[in-house]
Each structure stands twice: as C-alpha cells, then as structure tokens.
Visitor: 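Once you've had a glance at the structure underneath, I'll fire off some questions.
Along the sequence shown, the residues carry numbers beginning at 1.
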Amino acid sequence: GFKPAPTLYLLPLVFFLFSPLPVLAKEPPVWLGEIPPQFSREVDKVVHHPTFVRRPKPQTIGLSAEFYGFLLQDWDLAYRLAKVLGIKGYEVQKLNQGWRVRLNSRTLVDVLSLVHKEGRSSFIATGEHRGRVIQHLKLKAFFLIEYRSLEGKGGSEIKSTMTSYIRIEQFLLAAIAKITIPFVGERIDRKLAAILQDVERISRKIHEDPAAVREAVEKSSQFTPAEKQALKKYL
C-alpha cells in the first residue's frame with residue numbers, strides 16, 4: 001500500500017505553527033467601530049490576526065468606576081500617585097503622545113490611549129524586548145479594558161477585565177510563541193494583569209487611610225494644581 005514520505009507527517013505541525021489564528025466573525029465587535037480612523041487599520045490587523053489572545057483573571061478593585069476611568073486616561077498620573085503613596089510599580093514616562101512603560105531593564109512598551117467610554121477603555125501598544133535568548137522581539141498589542149460597578153457595593157468597587165490581542169511581528173518567533181503559549185500562558189497573564197496592579201494597590205491605600213492619601217497628594221510636588229483639584233474629587 002501507499003506509504004507517505006516521513007516529511008508528510010510534519011505537514012499538520014507546520015500548518016499549526018505558521019497559520020494565523022482564526023479570523024474573528026464577520027460581525028465585528030461593537031467596540032471596533034469606536035476606534036479613531038487613523039488607528040483603525042493598525043488595530044484591525046492586531047485584533048483580526050493576533051499571534052495569541054489573553055484574558056487575565058478579572059480583578060476586583062476598590063474604586064468607583066468614575067475614579068478608575070479617570071486613572072486609566074492618564075497612566076503617568078496614576079504612576080505618580082502610586083509613587084507618592086510609596087507603591088513601587090512599573091516606571092511610566094509621559095511621551096508627546098501616550099506613555100512609555102518600562103517593565104524591566106530589557107522590555108519597553110509604548111502605549112497610546114484610543115477610546116474612553118463609560119465602562120470601557122482601549123489602547124494600542126508597541127513593545128520591544130531584548131535578551132540573551134531572544135535578542136530582539138517586536139510586538140504590537142491592543143488592550144481592551146472593561147469595568148463595571150459591583151452590585152450592592154454602593155459604587156465603591158468595580159470588576160475589571162482586560163482582553164489583550166498580541167501580535168509578534170517576527171514570523172519565526174510568532175510560530176514559536178504559538179507552540180509555547182500553553183506552557184507559559186499563565187505567566188503572561190500575570191504580567192499583563194500587573195500592568196494595572198498599581199491602581200489596585202492605590203485603592204487599598206485609599207481604603208486604609210483616605211485622610212493620609214489626601215494629605216500626601218496636597219503636600220506633593222508631583223502634581224500640578226489642576227491635577228490636585230481633579231484628584232480631590234475622588235479622594
């Protein structure tokens with residue numbers, strides 16, 4: 001009988017490694033229609049053809065939806081507030097547009113804010129990682145953060161979920177990522193969730209001693225008078 005050449009047995013594996021993930025349904029998610037036109041093509045490429053999609057475990061955060069949304073709109077302000085409260089998190093640098101987040105000495109991510117609506121914020125990001133094993137990894141990411149007030153909490157707590165669409169630009173590294181994601185997915189989820197961990201820690205500080213937080217903000221030189229006034233509304 002017919003015996004296929006040994007290389008034919010590898011075809012399913014090759015197809016799995018180098019094929020893109022399934023394209024989203026023809027009916028696009030409603031939030032894609034909110035993306036500013038100048039970014040829609042870039043976002044479509046990441047969302048419809050990601051290397052992988054991750055949804056870290058939802059976080060419960062002790063802030064009002066309004067305050068949480070306010071902090072999401074300015075990562076640099078959230079970083080400075082965390083710094084004033086003695087919270088050590090990722091370093092955030094304000095750029096002409098967006099922010100640069102330094103995850104560690106080898107990994108930088110530039111984040112640009114796209115849309116903020118009640119209960120939903122979205123961002124596009126460009127990242128680079130340089131290391132001994134992977135000398136230069138380049139990726140694009142689209143972050144969608146959705147949040148809602150928890151019932152019975154008087155608007156003082158929210159549940160926040162993040163969906164991350166990540167596209168690795170280098171063909172071979174993207175193929176390797178597809179194979180390894182079942183083994184490193186949880187670690188990636190923890191790192192993605194950690195992007196927002198400063199906000200969760202800020203909420204704890206506020207609940208522990210709101211008066212001390214207000215005093216620290218008032219005395220700090222980290223904020224402009226307008227920023228202090230804006231923060232006071234929530235503190």
Side-chain angles (χ1 to χ4, degrees), residues 24 28-48 50 53-82 87 89-103 108-127 139-150 153 155-167 188-204 206 226-227 230-231 233-235:
L24 293 181
V30 64
W31 43 260
L32 274 180
E34 302 169 356
I35 304 301
Q38 65 269 35
F39 299 108
S40 60
R41 186 173 179 182
E42 186 178 9
V43 171
D44 281 350
K45 185 178 180 182
V46 175
V47 170
H48 287 87
V53 180
R54 303 304 301 177
R55 293 178 176 86
K57 184 179 177 182
Q59 296 185 48
T60 299
I61 298 174
L63 296 176
S64 68
E66 292 78 15
F67 191 16
Y68 185 66
F70 171 75
L71 292 177
L72 283 179
Q73 292 179 55
D74 193 338
W75 288 21
D76 175 58
L77 178 65
Y79 166 70
R80 283 180 281 135
L81 179 56
I87 298 168
Y90 293 133
E91 180 184 336
V92 178
Q93 174 189 351
K94 191 172 182 63
L95 304 176
N96 289 334
Q97 286 189 308
W99 316 277
R100 174 162 293 165
V101 183
R102 186 178 296 276
L103 301 181
L108 293 174
V109 181
D110 287 351
V111 181
L112 187 63
S113 175
L114 295 180
V115 177
H116 295 286
K117 299 187 72 173
E118 186 177 350
R120 183 162 63 233
S121 294
S122 60
F123 309 85
I124 189 76
T126 303
L139 59 83
K140 285 275 189 182
F142 175 78
F143 301 127
L144 176 69
I145 300 170
E146 298 175 285
Y147 53 96
R148 59 178 177 81
S149 297
L150 292 177
K153 297 295 183 180
S156 61
E157 286 190 6
I158 56 130
K159 178 164 280 188
S160 176
T161 59
M162 178 167 63
T163 305
S164 304
Y165 299 82
I166 298 172
R167 179 180 174 86
I188 290 173
D189 286 350
R190 287 197 300 272
K191 286 189 174 294
L192 289 169
I195 291 174
L196 302 176
Q197 70 183 4
D198 284 359
V199 177
E200 195 273 335
R201 291 175 180 172
I202 288 169
S203 74
R204 269 189 266 158
I206 292 172
E227 287 173 336
L231 285 169
K233 289 197 308 182
Y234 304 104
L235 299 174

Visitor: Let me confirm one number: the CG-CD distance from Asp76 to Glu227, rounded to the nearest 0.5 Å.
Guide: 7.5 Å
Visitor: Compare every heavy atom of Ala65 with every heavy atom of Ser149, then report the nearest pair and how far apart it is.
Guide: OG-CB, 3.8 Å
Visitor: Is any side-chain heavy atom of Tyr165 closer than 4.5 Å to one of Val43?
Guide: no
Visitor: Is there a side-chain contact between Pro50 and Ile166, using heavy atoms and a 4.5 Å cut-off?
Guide: no
Visitor: What do you reckon, is CD of Gln38 surrounded by more than 12 foreign heavy atoms closer than 6.0 Å?
Guide: yes
Visitor: Side chains of Tyr68 and Ile145: does their closest heavy-atom pair fall under 4.5 Å?
Guide: yes
Visitor: Is Leu71 close to Leu63 at the side-chain level, that is, under 4.5 Å between some pair of heavy atoms?
Guide: yes
Visitor: CD of Gln59 to OG of Ser160: how many Å apart, nearest 0.5 Å?
Guide: 6.0 Å
Visitor: Rounded to the nearest 0.5 Å, how far does CD of Glu146 lie from CZ of Arg148?
Guide: 11.0 Å
Visitor: Side chains of Leu144 and Arg120: closer than 4.5 Å at any heavy-atom pair?
Guide: yes
Visitor: Specify the closest pair of heavy atoms between Ala82 and Ile202, including all atoms of both residues, with the distance to one decimal.
Guide: N-CD1, 4.0 Å
Visitor: For Trp99 together with Tyr79, are the ring centres under 6.0 Å from each other?
Guide: no
Visitor: Between Phe67 and Ile206, is any pair of side-chain heavy atoms under 4.5 Å apart?
Guide: yes
Visitor: Starting at NZ of Lys94, measure out to CG of Leu77 and round the result to the nearest 0.5 Å.
Guide: 9.0 Å
Visitor: Quick one: closest heavy-atom pair of Val109 and Ala125, and the distance?
Guide: CG1-CB, 3.7 Å
Visitor: Should Arg204 and Ile87 be marked as a side chain to side chain contact (heavy atoms under 4.5 Å, CB included) after you check the CA-CA gap, both sets of side-chain angles, and the distance that decides it?
Guide: CA-CA 11 Å; Arg204 269 189 266 158; Ile87 298 168; over 6 Å; no
Visitor: Quick check: do Ile61 and Tyr147 have side-chain heavy atoms less than 4.5 Å from each other?
Guide: no
Visitor: Any chance you could measure Ile35, atom CD1, to Asp44, atom CG, to the nearest 0.5 Å?
Guide: 8.5 Å
Visitor: Can you measure from CD (Glu91) to CG (Leu108) and round to the nearest 0.5 angstrom?
Guide: 9.0 Å
Visitor: Can you see which heavy atom on Val46 is nearest to which on Phe142, and at what distance?
Guide: CG1-N, 3.9 Å
Visitor: Identify the heavy atoms of Met162 and Phe143 that sit nearest to each other, and give their distance.
Guide: SD-CD2, 4.3 Å
Visitor: So do the side chains of Lys233 and Glu66 get within less than 4.5 Å of each other, counting heavy atoms only?
Guide: no
Visitor: Between Lys140 and Thr126, is any side-chain donor less than 3.5 angstrom from a side-chain acceptor?
Guide: yes
Visitor: Taking all heavy atoms of Leu72 and all of His116, pick out the closest pair and write down the distance.
Guide: O-CE1, 3.7 Å
